[in-house]
Amino acid sequence: MGSLSPQLYDQTVHTIYIPEDVRKSGVATPEIIAEGAAFLHKDGIIVLDNAIDVAHVDALNAKLTPEALEIAKNPDHHFNFGKHTSNMDQAPPPTKDLMFKDIWCNPFAAAILAAVLGPRPVVHYANGNTALKAGPDGRQPVHSDCEFTHPAYFSFAQVINIALVDTSARNGATEVWPGSHHVSVHDAHVSGKDNEEQLPIKPELLELRRRHSPPVRACTKKGSLVIRDLRLWHAGMPNLTDEPRVMLAFVAQPAWFQAKSKILLPENVREMVEGWGGELQFDAEYVQGEVDHKTLRSEGVDFDTKSEALNRFRDELSRWPDYTPRWY
């Protein structure tokens, strides 16, 4: 069954340790699913420790870390909240030899997501972000990843983050605001002139929440994954080390939500992806030839709905929540 990790990690986000025999079985127990779903509803974020074969993580890191420095030299590459953050897009390679099932379609994450989002959630996004060495002022503003008027009272998107190395305050472990998904609405964002300025949360709302639910750092060990509600307030933090910190990101949404974005994949992985089965499905556009993961960008990605019913009741679903201080 799931339990707190027996090791003393620098960890403040609720963590579920996957025993080695359970990890190898690839089957989530009811206890793991129940604990994961409960704390994901409560905090908007959980860590699954020992959920991934470390050899798979190491293989990806060996490829992506050297590529990070190459990608960073491209003057047109996208950096999140500006180049001063040194936090840039970096997607995993969509090739048969490096598309490991326990990373792209992790069975423990999938089972928990199905409990929260409904049967067979759809993965619409596969990318990542890499924190290069930055100065102390390289942090992002606190934000949520919802750039549209979104449902406030139910979960409609969950992010799976997989760091390819141990993360700590030194190399940019993400700042997260547990429970903030309960009060997150589009109108909480600071409006701005361009896309880079539209996401930050209004300072007065941050200070109100800080009084009773201050932020923490989501530190993880290699082989772990994080599940985070898309509405959760968070901020990328500066990497103060010389080594790039690569973190993959997959976004899953309910099948009935009819999200707009698709993943770009080469045709030669279709059979493998569709053969994974299990709790997750992938909404992909398959193309002939290779897909250059080094040029994939998060700009223009749209997690909003195509559902006519949800659009019809958008105002009711996005009504401003009560900002009375609460413990979550």
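What you see is a predicted model; the values in this text were computed from it and never measured.
- P178 approaches L232 most closely through the heavy-atom pair CA-CD1, 4.3 Å.
- Checked by atom type and distance alone, the side chain of T174 never pairs as donor or acceptor with a backbone atom of V176 at under 3.5 Å.
- Side-chain contact between L248 and L64: present, with at least one pair of heavy atoms (C-beta onward) separated by less than 4.5 Å.
- For R297 and D89, the salt-bridge test fails: no basic side-chain N is under 4.0 Å from an acidic carboxylate O.
- At most 12 non-hydrogen atoms from other residues, nucleotides or ligands lie less than 6.0 angstrom from CD of E290.
- Rounded to the nearest 0.5 Å, atoms CG (L48) and CZ (F108) are 8.5 Å apart.
- Listed here is the closest heavy atom pair of P66 and A62: CD-O, 3.2 Å.
- Looking only at distances, a side-chain donor or acceptor of N106 sits under 3.5 Å from a matching main-chain atom of D102.
- Nearest heavy atoms, P19 versus N50: C-ND2, 4.0 Å.
- Residue F250 is tested with I103, I227, L225 for a side-chain contact (heavy atoms from CB on, under 4.5 Å); the sole match is I103.
- With hydrogens and angles disregarded, no donor-acceptor distance shorter than 3.5 Å links the side chain of N171 to the backbone of R245.
- H56 places no side-chain N or O within 3.5 Å of a backbone atom of G223 that could act as its donor or acceptor partner.
- No donor-acceptor pair closer than 3.5 Å links the side chain of E279 to the backbone N or O of A110.
- Between F39 and H14, the two ring planes are parallel [angle under 30°; tilted spans 30° to 60°].
- The shortest side-chain heavy-atom distance between I32 and V22 falls under the 4.5 Å cut-off.
- Heavy atoms of other residues, nucleotides or ligands lying less than 6.0 angstrom from CD of E204 number more than 12.
- Side-chain N or O atoms of H181 include one that pairs as donor or acceptor with a backbone N or O of H41 at under 3.5 Å.
- Salt bridge annotation for D292-K294: absent, with no cationic side-chain nitrogen under 4.0 angstrom from a carboxylate oxygen.
- When atom types are taken as modelled, the side chain of R120 and the backbone of L280 share a donor-acceptor pair closer than 3.5 angstrom.
- Residue F257 is tested with F154, F156, F303 for a ring pair (Phe, Tyr, Trp, His ring centres under 6.0 Å); the sole match is F156.
- Distance CG/N127 to OG/S298: 6.0 Å, rounded to 0.5 Å.
- Ring pair H186/H150 is perpendicular by interplanar angle, where above 60° counts as perpendicular and below 30° as parallel.
- S144 approaches H189 most closely through the heavy-atom pair OG-NE2, 3.0 Å.
- Within the 4.5 Å cutoff, side-chain heavy atoms of I45 are placed close to those of V226.
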Q.
Show, in sequence, the C-alpha distance, side-chain angles and deciding distance for S318 and T149, and conclude whether the side-chain hydrogen bond (donor to acceptor under 3.5 Å, both in side chains) test is met.
A. CA-CA 6 Å; S318 62; T149 304; 5.4 Å; no
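- Contact of the D53 side chain with the F100 side chain is not registered, since no non-hydrogen atoms from C-beta on lie closer than 4.5 Å.
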Where do I201 and V190 land on the side chain to side chain contact (heavy atoms under 4.5 Å, CB included) test, with the steps shown first?
CA-CA 6 Å; I201 303 299; V190 176; over 6 Å; no
| said: For a salt bridge (charged side-chain N to carboxylate O under 4.0 Å, His left out) check, start with the C-alpha distance between R139 and E175, then their side-chain angles and the critical distance, and finish with the verdict. | reply: CA-CA 9 Å; R139 65 164 290 153; E175 176 186 287; 3.2 Å; yes
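- Tested against R228, the residues D145, V251, L40 include a single side-chain contact (heavy atoms from CB on, under 4.5 Å) partner, D145.
- Counted within 6.0 Å of CD on E20, heavy atoms from surrounding residues, nucleotides or ligands total more than 12; the atom is thus considered enclosed.
- The salt bridge (charged side-chain N to carboxylate O under 4.0 Å, His left out) check on E207 picks up R210, with sequence neighbours excluded.
- Between R217 and V13 the shortest side-chain heavy-atom distance does not fall below 4.5 Å.
- Between L199 and H143, the shortest heavy-atom contact is O-CB, 3.4 Å.
- With D229 contributing its side chain and R231 its backbone, the two residues share a donor-acceptor pair below 3.5 Å.
- Between L265 and R270, the closest side-chain pair of non-hydrogen atoms is not below 4.5 Å.
- Residues R209 and V183 approach most closely at NH1-CG2, 3.9 Å, considering heavy atoms.
- At least one donor-acceptor pair under 3.5 Å links the side chain of H124 to the backbone N or O of S261.
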### Message
Determine whether W177 and S213 satisfy the following criterion, side-chain hydrogen bond (donor to acceptor under 3.5 Å, both in side chains), listing intermediate values before the conclusion.
### Response
CA-CA 7 Å; W177 294 64; S213 300; over 6 Å; no
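- In this structure, S86 contributes its side chain and K133 its backbone to a donor-acceptor pair below 3.5 Å.
- Counting heavy atoms from C-beta on, the side chains of H293 and P94 come closer than 4.5 Å.
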